Each structure stands twice: as C-alpha cells, then as structure tokens.
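Accompanying notes for the structure given below.
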Protein chains: 2
Amino acid sequence: MPSPPEPSPDTTAHPDGGAALPPDLVAVALSVDLVLLTVREERLQVLLVRRGIEPFLDRPALPGGFVRPGEDLAEAAVRELAEEPGLRHPPAHLEQLATYGTPQRDPRGRVVTVAFLALAPQSRTPIAGTDAAASHWAPVATADDGPGLAFDHATILADGLERARSKIEYSAAATAFCEPEFTVAELRRIYELVWSARLDPRNFHRKVTGTAGFLVPTGRFTTRDGGRPAELYRRGDASVLYPAMLRPVPRLP
Amino acid sequence: MPSPPEPSPDTTAHPDGGAALPPDLVAVALSVDLVLLTVREERLQVLLVRRGIEPFLDRPALPGGFVRPGEDLAEAAVRELAEEPGLRHPPAHLEQLATYGTPQRDPRGRVVTVAFLALAPQSRTPIAGTDAAASHWAPVATADDGPGLAFDHATILADGLERARSKIEYSAAATAFCEPEFTVAELRRIYELVWSARLDPRNFHRKVTGTAGFLVPTGRFTTRDGGRPAELYRRGDASVLYPAMLRPVPRLP
DNA sequence: CCCGTTTATCGTCGGTTCGACGATAAAGAG
DNA sequence: CTCTTTATCGTCGAACCGACGATAAACGGG
C-alpha cells in the first residue's frame, strides 16, 4: 500500500517478456460488493452498511471495497467479509454473482464492481437489526424503503435475491442458511422465507429425506421447535438436487 | 481515443462533487472476452482467433478486446462481436458469463476480463473452419488439441460450455442456434449436439410442442431434411421452460 | 406404378414424482 | 388426562417422462 498518486501501477508494470499493455487503454478501479443474506427474526435479511464518505454519504449500501494489488477477486470478497463486523465466521456459501460496469455508475470515475453472493446462518451474524452502527441487517422486503441504496446497489441486490431464490431450487445451497445441525422444519422455514411461499410440511419432508445425499441423519433429536421431537440432520455431500425442489407457482386469485 | 500515455484517465477524472477516488488504489485494465458458439457441420463449434501479438503469439484465443472509455460492458462485447469477421449479424443470444481476475492471468499486468456467452445460428457465421485466417471456427471437442488456448481461455471456454449446456435445459436459448424458421428435428439436433446425447424424436416432439410459448407453428412445411414434410416453427415468447427439458443422465456402460 | 427408405407425427403403457390431504406419533401445557 | 403443537408416515389422483408401437407423407429405384 504505497502512498502518493500513482493510480495505475499494474497496467504499466511487467514490461518484460517483450510485451506490454497498450498505453492508451482505459484503466478502471476495481471493487467487489457483497450481497450477504441470512435468515434471522423470521425474515430474509441482507447486510447493509451506512456510507461514511461521499458520494452517497449516509446512504445504505452493500458492503464492499476496492481490490488490492495482487489480490484475486474471490480473495477480496472474503477479506471484505472478514472486515465486516456483521459476520463472525466465513460464510457457508460464496459465489460470484455478476459484474457491473456502466460508465456512470460511480460519479468519481470509472469503477467496475464484481458482485458476490454470500449466504450465512444466523449464528454467524451477530449484529442487531436496528443498531445505528455502520453495519446493520435489513429485511429484504424493506431494503428499498427510506433512502435508496447507493450506486446501483438496488439492482445488484435484486439480482442477488433472484440468484438465491433460484439457486436453492436445484442445489443444496439452502443449508448454508442453517446451523451445522438442523431439523427438516428449520430447513423448510428457510425455503419458505426465501421464496415467500408456504410449503406443505409432509411433501417437503418426503422430498428432502428422499433425495440422496441432501441430508444426513444424525440419529439425535431435538424439541427446540416444540411438539414431537424432530430428528437432527447435517448437510450431505450432494451439491445439486435432482430432481429440483419446485418453487410453487404464484397463485393469481 | 486519445493517443499518448495517460494510462488511467477515468480514475482521476470527475473530482467534482467533493468526492474523488482514493489515490492509492490499484487500477486494472478491463477487457471483454467472448465464448461465441454455433452449430455447424453437425458439431458444436466455438469462434477462436489467432493471436497476432505477444504474449501467446500465434496461439488460439477467444475473441475479445479492451473496454473503451465511456463504454458499457455489454456494449464492448457487442462491438467486439461486430468487429469479428466470423459473425455477420448480432447474435441471437448474449449474456454475461463471469469475470476472471486472477492477478497473474496476463503476464503484462493486471488485466481483468468479463466473459460473455453468445449463441448464433449457422447463417450468421460465414467463416470456414479450416481457414488460416485470424478467425476460425473450432469444434469444441477439439478446442483443447494442438497449442493450448491463450491466457485462462480454456477455463473460460469450459465455463461457457457448461453454461450453454445447462441454459438450454430450462430456457428457450437453444432456438438462438436456429434459423428464424426451423423444424422440430432441427431443434432436436441442436440439443443433441450441445449435450452430446441422443434424444427420442417422439418424446422430444411431444415435449417442445406441448410446452406453451416455446414454439409457434407457421402452418408451412418443408422437406429439406428429407422424408415426410415437417412443419416450420418460430421461437415463441417464452424465455423459461417449465417444466425443464431434462438432460439425459450419462450412461455408464 | 409399386416398394422400400426416410422422416414426421400421433398414441399407448408403465413408472416416477408431485400436490393435496388423511392419519398417527410424541412431546409439552394446563 | 386432555388439548395443542409439531413430526412423520401413507394414500390417492394428476402430470410428466422414457420406451416404443403405429401411421402418415414424402422420395428414389426398380
């Protein structure tokens, strides 16, 4: 991390090998932004930060930051997550979402951002929802209320939500929202809150326990949800679900 | 397009609004690369170029180039496609694939590339396969033969192929490989060549003609494939297929 | 002109999966 | 002990799929 203005060191470095980048190409600043989702307080929530500098001062934004020299993209995403006080441990799921590079998306200049989608269980998300701190959890249903998100982060959030909603259809990614051991009902609650839909407990139970490699029974039981004791499961080694979990079609009436 | 060395104009421009980018951040060169697929000569093929400069001189590579000032990412992808002699018209399908930014992926310096996946019908791909020209079509099955692809383009190509193979499962993207009017058998051939699998003609016919919004019958017929005349269809307005077209499970024996 | 070949299209049959829902099991609350 | 809550097992019909038979409509060669 040097100090003075030398804005594009890497683009002119390495003139060895007889090859150098063309001198007239456009250099951009590169950042990563994170759509970190969790299920807490019976709602799907996203981690937001309050911007402390211009532009969009005091507006909510997705957590993120600039990529450092010699740093890979996923590496930068993991580092930004670790720096956020809203997350104690690494997330259970992290994947690249999309890249946003519209020329005018940042008034300071050309900033291209690579967005990542991260899913984490509630136990790794200690920040309370109504703190005035820089980091806070916001229900995704109300993320667009109040002052709008900075930059194009509303678009990125919407893309991340759609990715998460479709990802849990055909993969075991929903278990990333769960604690290491969980009941079928707790997993079903994840699906219901992510999809904003109600699922039949009996059909859901048949589906997830009948899909090979999805859930591994522990043989132990819990009554923490009340009622008859439910068996505890761990996530299996299956990453894709086949056949997929079907998202209920939105009913018109 | 200015001329002299001024490698990072945009990162220091716009100091207005009381906000400027931090002076010590890493600037990167930004490029787009294209995985342009078509079905020709009974094979799934990808457009490759022969590199005319170092590094990877004379090695095959995905077509692409640097993003220009003021240019959006998708805009740059469309421009690069238009500049390629391998494509006469805009592709029928274009989507962002992923972004690759490992620090050492380009020996000249920090170059981050946004890869796009494009699908086009044969009629828009006039270049012959064995020309010694800069652009040529290569069957994807043999794209890894001979000298390897430049940079990390083998990884990008593999990701693009996987995206294409899964995309046609749950969307109508396979029609992007077809001419404006096509028969059910021609569409089936697309699926078979992209998946390297054989599909039952009767079940495929039932599936595609029974999925609402997938195909629109024209009422006209053709015998260009021999045998009994087949009805010509156009693509419908459905973009997602529900239920999905099921990819056959790979047979072990 | 008849006939075999090729391709298109329609149907049938059995197995799997899904949605809707009944029935039973096992805990806690009062 | 009864009521409530939740978990889990079954049942039934509809939808869908894979395998495959049957018919239709073109062509080419005798």
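None of these values were measured; they are calculated from a predicted model. The chains referred to below are lettered A, B, ... by the order of the sequence lines, with proteins before strands, and numbering in each begins at 1.
- Using a 4.0 Å cut-off on heavy atoms, the residues of residues 185-198 of chain B that approach DNA chain C are B/Ala185, B/Arg188, listed by number.
- Counting only N and O atoms by type, the side chains of B/Thr38 and B/Gln122 include no donor and acceptor under 3.5 Å apart.
- Scanning both residues, A/Gly148 and A/Arg59, for their nearest heavy atoms gives O-NE, 2.7 Å.
- Atom pair A/Glu231:CD and C/dA27:C1' shows a separation of 16 Å (rounding to whole Å applied).
- When every heavy atom of B/Gly64 is checked against every heavy atom of B/Glu80, the shortest pair comes out as O-OE1, 3.2 Å.
- Using a 30° and 60° split on the angle between ring planes, B/Tyr191 and B/Trp195 fall in the perpendicular class, above 60°.
- In this structure, the CG atom of B/Asp225 is 8 Å from the C1' atom of C/dT7, given to the nearest Å.
- Within a 6.0 Å radius of CZ in A/Arg224, more than 12 heavy atoms belonging to other residues, nucleotides or ligands are found.
- Here B/Lys207 does not pair with B/Glu169 in a salt bridge; the nearest charged N to carboxylate O distance is not below 4.0 Å.
- Comparing A/Ala244 and B/Val184, the nucleotide of DNA chain C nearest to each residue sits closer to the 5' end for B/Val184.
- Taken residue by residue, residues 204-220 of chain A places heavy atoms nearer than 4.0 Å to DNA chain C at A/Arg206, A/Lys207.
- Between the OH atom of A/Tyr242 and the P atom of C/dT16 there is a distance of 14 Å, given to the nearest Å.
- Whole-Å rounding puts the B/Leu241 CG to D/dC16 C1' distance at 15 Å.
- Of all non-hydrogen atoms in A/Arg105 and A/Ile156, the two that sit nearest each other are NH2-CD1, 4.4 Å.
- Taking both residues in full, the closest heavy atoms of A/Tyr100 and B/Leu73 are given as C-CD1, 4.2 Å, listed atom of the first, atom of the second, then distance.
- Between B/Ala138 and B/Leu48, the shortest heavy-atom contact is CB-CD1, 3.8 Å.
- Side chains of B/Pro121 and B/Phe177 form no contact here, defined as non-hydrogen atoms less than 4.5 Å apart.
- A/Arg247 places its CZ atom 20 Å from the C1' atom of C/dT17, with the value rounded to the nearest Å.
- Looking only at atom types and distance, the side chain of B/Asp152 has no donor-acceptor partner in the side chain of B/Thr102 under 3.5 Å away.
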In 5'-to-3' order, the base (B), backbone-only (S) or no-contact (-) status of each nucleotide in nucleotides 20-26 of chain D, using a 4.0 angstrom heavy-atom cut-off, is BB--BBS
